[in-house]
Amino acid sequence: MPTEELRATARDAGAATGPEEPRADAPGGPAASETPLGAPEKTPEDASRNAPEARANASEARTAGDALDAMELLGRVSYGRLATSMRAMPFVAPARHIVRDGGVVLRIHRGFGYHRACNGGVVAYGADNFNSGGKAMWSVQFTGTADIVRPTPDDLRLFGDEPFRADGERFEPVYMRIEPQFATVHTLDYLAEQPNRHVA
């Protein structure tokens with residue numbers, strides 16, 4: 001067949017079938033979509049709406065992490081400070097503590113009278129290792145509701161011996177349990193070559 005007739009036949013076939021669509025993977029062809037069919041595309045407005053939820057989740061994670069760290073650190077020391085108010089006046093009292101079942105059980109002197117102000121109310125409790133002489137120092141503080149409790153035999157074993165006197169009078173123990181709700185951990189780190197002179 002002459003060359004002119006072959007070209008005419010090819011033109012006629014192309015007109016009948018229409019132009020060939022470029023393949024997605026061909027150079028210059030349309031890019032393959034990464035969004036599933038029917039799925040709405042995310043917009044900046046969507047990201048803005050989700051930001052508060054993401055921040056709230058991060059805050060909850062930090063709070064939970066602080067609570068776990070606080071309980072672990074409290075288990076390293078024996079004494080801390082109980083704080084609340086009595087007759088509209090704030091006070092801080094020394095207390096012996098143990099960590100039990102996710103809460104903290106305190107032993108204080110009944111003669112202080114502070115247990116009456118604390119029972120059923122919100123209190124703060126704090127402890128630290130500032131007298132350890134170490135290079136890594138920390139303090140823990142948390143708030144929660146305090147309730148007077150009767151200690152179990154295991155609690156008494158963990159508390160150990162009672163002081164003989166408190167403020168010159170015979171020590172009489174009273175026990176309270178606090179369920180921590182908001183915990184905060186602070187740290188102070190010294191360089192290895194720095195002497196720690198903050199030891200009592």
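No experiment lies behind these values; they were computed from the predicted model shown.
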State whether the side chain of Asp69 and the backbone N or O of Val140 hold a donor-acceptor pair below 3.5 Å, judged by distance alone.
no
To check you understand the geometry: which heavy-atom pair defines the closest contact between Met71 and Pro180, and what is its length?
CE-CG, 3.7 Å
Atom of Gly111, atom of Glu169 and distance for their closest heavy-atom approach:
CA-OE2, 3.5 Å
To the nearest 0.5 Å, what is the distance between CZ (Arg96) and OG (Ser78)?
4.0 Å
Residues that Phe159 engages under ring pair (Phe, Tyr, Trp, His ring centres under 6.0 Å), provided they are two or more places apart
Tyr175
Are side-chain heavy atoms of Phe91 and Thr84 found at a separation under 4.5 Å?
yes
Can Leu158 be reached from Met176 by stepping across I, L, V, M, F, W or Y side chains whose heavy atoms are under 4.5 Å apart?
no
Between the side chain of Asn129 and the main-chain N/O of Trp138, is any donor-acceptor distance below 3.5 Å?
yes
Kindly determine whether Val185 and Leu73 satisfy side-chain contact (heavy atoms from CB on, under 4.5 Å), including the steps that lead there.
CA-CA 9 Å; Val185 177; Leu73 292 172; 3.7 Å; yes
Under the criterion side-chain contact (heavy atoms from CB on, under 4.5 Å), I'd like the reasoning laid out for Arg177 against Thr145: C-alpha separation, chi angles, the key distance, then a yes or no.
CA-CA 8 Å; Arg177 180 179 175 89; Thr145 302; over 6 Å; no
Exercise: identify the closest heavy-atom pair between Ala183 and Ala70:
CB-CB, 3.9 Å
With heavy-atom distances below 4.5 Å as the criterion, would you say the side chains of Pro163 and Arg107 are in contact?
yes
Show me the donor-acceptor pairs within less than 3.5 Å that the side chains of residues 117-127 make with the rest of the protein, sequence neighbours left out.
residue, atom, partner, partner atom, Å
Asn119, OD1, Ile148, N, 2.9
Tyr125, OH, Gly80, N, 3.0
Tyr125, OH, Ala95, O, 3.3
Tyr125, OH, His97, ND1, 2.7

If you group Ile, Leu, Val, Met, Phe, Trp and Tyr by side-chain heavy-atom gaps below 4.5 Å, do Val77 and Ile98 land in one group?
no
Provide the full list of side-chain hydrogen bond (donor to acceptor under 3.5 Å, both in side chains) pairs with a residue in residues 151-163, sequence neighbours left out, each pair given once.
Arg100-Asp155, Thr152-Asp155
Does Ser139 reach the side chain of Phe130, with side-chain heavy atoms less than 4.5 Å apart?
yes
Treat each ILVMFWY residue as a node, draw an edge where side-chain heavy atoms are under 4.5 Å apart, and state whether Leu74 and Leu106 are in one component.
yes
Using the test ring pair (Phe, Tyr, Trp, His ring centres under 6.0 Å), find all partners of Tyr79 that sit at least two apart in sequence or belong to another chain.
none
When you look at Val174 and Phe112, which way does the side-chain contact (heavy atoms from CB on, under 4.5 Å) test go after all the steps?
CA-CA 10 Å; Val174 62; Phe112 294 154; over 6 Å; no
Would you please name every residue forming a salt bridge (charged side-chain N to carboxylate O under 4.0 Å, His left out) with Arg110, sequence neighbours left out?
Glu172
For Arg81, which residues count as a salt bridge (charged side-chain N to carboxylate O under 4.0 Å, His left out) partner, sequence neighbours excluded?
Asp128
Given the options Tyr114, Phe164, Phe171, His109 meets ring-ring contact (aromatic ring centres under 6.0 Å, His included) only with Phe171
Using the rule given for side-chain contact (heavy atoms from CB on, under 4.5 Å), can you reason through His115 versus Ile108, listing the C-alpha separation, both sets of side-chain angles and the distance that settles it, and then say yes or no?
CA-CA 8 Å; His115 60 287; Ile108 65 173; 4.2 Å; yes
